Number of protein chains: 2
Amino acid sequence: MSERDAERSVSQTVRAQLALRDMILSGRLRPSERISELQAVDITGVSRTPVRLALVRLEDEGLLQAIPSGGFMVKAFTERDILDSIELRGTLEGLAARFAAERGVSARSLEPLKECLGDLDQLVRQDPISVEAFSAYVTMNARFHALLNELSASAPLIREIDRVSALPFASPSAFVMAQSALPEAHQILLVGQDHHRIVVDAIENREGARAEAVMREHSRLAARNLRLAIRNRTHLELMPALALLKSSAE
Amino acid sequence: MSERDAERSVSQTVRAQLALRDMILSGRLRPSERISELQAVDITGVSRTPVRLALVRLEDEGLLQAIPSGGFMVKAFTERDILDSIELRGTLEGLAARFAAERGVSARSLEPLKECLGDLDQLVRQDPISVEAFSAYVTMNARFHALLNELSASAPLIREIDRVSALPFASPSAFVMAQSALPEAHQILLVGQDHHRIVVDAIENREGARAEAVMREHSRLAARNLRLAIRNRTHLELMPALALLKSSAE
DNA sequence: TGAGTGCAGTATGTATACATCCATCGCTCT
DNA sequence: AGAGCGATGGATGTATACATACTGCACTCA
């Protein structure tokens, strides 16, 4: 399917949503800046109706904030907001892991997760780790987390996790790439991978509390990466999500 | 302000949203039933544009589900979904309580909460408890939970709690009224009020783990009420939210 | 000179007409 | 008779015109 076809096949609403999200995450629309519908029409090239829907969707997503008198503005986040969002995700993923452990999962449904675990092992075994390997790690890591959440077999929970992870700075892979520029990179990756191993083991042995605790701690690696990267001001361009930070904290 | 003025002052979108939500919760729109835009136009009396926005909002709220080929259907929930949603809320409220405890709150900001606690004490002291007192309890209980969540001082967390609590069967007060018809009513209310007391004490003493644990357990009272009420089939009309249950489990 | 009011411009809220896509039903051909 | 294709009805997706509400500025009056 050519790119042209792909562009034709998706709705104007989705196209507008993608274009506006890109503008926000790339920082071309600054935090706290009001974004009018007409402006959005200019940007996206579609008419007001789909633009409106796209704006509403982006508000749901958490990237925009409704103005009481009407209209939307780009949401501004503090560093604290970001850290809380990461803790929030960790808490929810912890709940998912506990559900999986307490309710039990079949050996069959655990198989893809173990396979994914093995693939990740291969990647982190390299020393030093290439940039390509880091990139592959991001993909595989996202897959691991998705599989894990599904094991909870709880639609309401998965829905909320997806929602929280949609915030670009709260997803499990948000700061892995930034990490690639840190001297502690390899060590943190090894620790993270050990968390993965532990949670699978805990689920297999029906140790709910252990599974929950390790997933919570796991999310704190992301928080640690974020803080390190901000403090060192290393490779901020690897973390486009930080365009949403309130300017003072940037 | 007269009712007419009030009706005039809110947007058509909100009016449509309220009307449709009412139809869903009252069971006039059955779970898994497709709801077309034109049908919604007939129901609400407003045009397609605001109806569409209302449908999108209701999807976000979790009452509707998007159909891949377009349009929406009323979401159907299993009893397990409901129990999971309650556990989810408890987990999030637990996190809020822990944040409040660990980060510390001023004596001044704790005051409204304690006042609310005192009011609740007055209400549960009656024996037997009148229906009016139950109703007042529902209101005051919602206020207590709202104040508690605010003490977390975490906008992202409060946002998620509000979202989860918007599901009619997941809110802290969802099954309190149903409880009024149970023989165990007074006892459960006293236990719940003791949870309230403990969490305030824990926050005051910066006992994060205790605050978190008690709020989690607190939510399980709602789960217990739900199960009791369903098993006894007592006063199902007090729980309109159950209109969303998949028919087999009803 | 300051405050209040009114007007103009521009934004969003709403309705509707048009385009497009999908799904279903019926017909035809093998 | 069954399967596949085509047509038709009805749904959603989109664009735009119109109504209305808000905001900011200027002018006037105290």
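Side chains included, hydrogens not; waters and symmetry mates left out as well; all remaining heavy atoms used. Chain A is the first sequence line, chain B the second, and so forth, proteins listed ahead of strands; every chain is numbered from 1. Predicted model, so just to flag it, every value in this text is computed and none were measured.
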For this session: Output, in order, the C-alpha distance, side-chain angles, deciding distance and verdict of side-chain contact (heavy atoms from CB on, under 4.5 Å) for B:Val56 and B:Phe72.
Result: CA-CA 9 Å; B:Val56 169; B:Phe72 298 92; 4.3 Å; yes
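- Contact check for A:Ile82 versus A:Leu244: no side-chain heavy atoms found under the 4.5 Å cut-off.
- When rounded to the nearest whole Å, the span between CZ of A:Arg48 and P of D:dA19 equals 14 Å.
- The CD1 atom of B:Ile67 sits 12 Å away from the P atom of D:dA11 (whole-angstrom rounding).
- Protein atom CE of A:Met73 is 14 Å distant from nucleotide atom P of C:dT12, rounded to whole Å.
- Here the OG-CD1 distance, from A:Ser36 to A:Ile67, works out to 10.0 Å after rounding to the nearest 0.5 Å.
- Put simply, CZ on A:Phe72 is 10 Å from C1' on C:dT12, counting in whole angstrom units.
- The side chain of A:Gln12 places an N or O atom within less than 4.0 Å of a non-bridging phosphate oxygen (OP1 or OP2) of D:dA15.
- Spacing between atom CD of A:Gln17 and atom P of D:dG13 amounts to 13 Å, rounded to whole angstrom units.
- Between A:Arg220 and A:Glu87 there is a salt bridge, since at least one side-chain N of the basic residue sits less than 4.0 Å from a carboxylate O of the acidic one.
- Nearest-nucleotide mapping onto DNA chain D: of A:Ser69 and B:Arg34, the residue sitting toward the 5' end is B:Arg34.
- Annotation: proximity of residues 52-64 of chain B to DNA chain D (heavy atom, distance under 4.0 Å) is found for B:Arg52, numbered in ascending order.
- In this structure, B:Arg163 pairs ionically with B:Asp60, as a charged nitrogen and a carboxylate oxygen lie closer than 4.0 Å.
- At a cut-off of 3.5 Å, with distance as the only test, no side-chain donor of A:Arg108 or A:Ser106 sits close to an acceptor on the other residue.
- The nucleotide whose nearest atom lies closest to any side-chain atom of B:Glu37 is, among D:dT12, D:dT14, C:dG13, D:dT12.
- Judged by distance alone with a 3.5 Å cut-off, no donor-acceptor contact links the side chain of B:Thr13 to the base of C:dT14.
- With hydrogens and angles ignored, no donor-acceptor pair closer than 3.5 Å exists between the side chain of A:Ser36 and the base of C:dA11.
- The side chain of B:Leu38 lies closest to D:dT12 when the candidates are C:dA15, C:dT12, D:dT12.
- For the residue pair A:Arg48 and A:Leu38, the shortest heavy atom distance occurs at CD-CD1, 4.0 Å.
- Considering only the side chain of B:Ser47, C:dT16 comes nearest among C:dG13, D:dT16, C:dT16.
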